[in-house]
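Report on the structure given below.
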Amino acid sequence: QVQLVESGGGSVQAGGSLRLSCAVSRATVSNYCMGWFRQAPGKEREGVATINSDGITNYANSVKGRFTISKDNAKITVYLHMNSLKPEDTAMYYCAARRQRCTFDISWSLAQGYFNYWGQGTQVTVSS
């Protein structure tokens, strides 16, 4: 079983930055695809970004150029660096892990169904 624990959420003004962290419980996730999703109140959960074991990344159009996903294999931690935050980025952010490589666009509406493990989420609130 893989456990994912997110941290780093909080409240920030528009234009600000936050870094989310996802601590992973098992070292064998090195070949996994790791992703970040978010869900705003009253909306469907949507994909934000993924990173494969080879470092290849994929982003939703809404965050391209503002968010960066990265990972530290030594610390078994995945990060989501969020810059130029907007009020519409307000959501609960979830870390997820997929046992296989991600070969699909994170914006695909069915993408979340292909992830095997999920964290509990961390809240991000951006005020105008």
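Keep in mind that what you see is a predicted model, and the values were worked out from it rather than measured.
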Compute whether any side-chain donor of one residue and acceptor of the other, for D72 and T77, lie under 3.5 angstrom apart.
no

Salt bridge (Lys or Arg N to Asp or Glu O under 4.0 Å) pairs touching residues 37-47, sequence neighbours excluded, are R38-E46, R38-D89

M82 and its side chain to side chain contact (heavy atoms under 4.5 Å, CB included) partner, picked from T68, V63, V124
V124

So, taking the atom named CZ in R99 and the one named CG in N31, what distance separates them when rounded to the nearest 0.5 Å?
13.0 Å

Are Y117 and I76 connected, step by step, through hydrophobic side chains (Ile, Leu, Val, Met, Phe, Trp, Tyr) whose heavy atoms are closer than 4.5 Å?
yes

Any idea which heavy atoms bring G35 and F115 closest together, and the distance?
N-CE2, 3.9 Å

Return the orientation label for the Y94 and W118 ring planes: parallel under 30°, perpendicular over 60°, tilted otherwise.
perpendicular

Transitively linked via ILVMFWY side-chain contacts under 4.5 Å: V24 with I51?
yes

Quick one: side-chain contact (heavy atoms from CB on, under 4.5 Å) partners of R19, sequence neighbours excluded?
S21, Y79, H81

Show, in sequence, the C-alpha distance, side-chain angles and deciding distance for Y59 and T57, and conclude whether the side chain to side chain contact (heavy atoms under 4.5 Å, CB included) test is met.
CA-CA 7 Å; Y59 296 92; T57 57; 3.5 Å; yes

Any donor-acceptor pair under 3.5 Å from E6 side chain to C95 backbone
yes

Residues in side-chain contact (heavy atoms from CB on, under 4.5 Å) with S107, at least two apart?
A60, D105

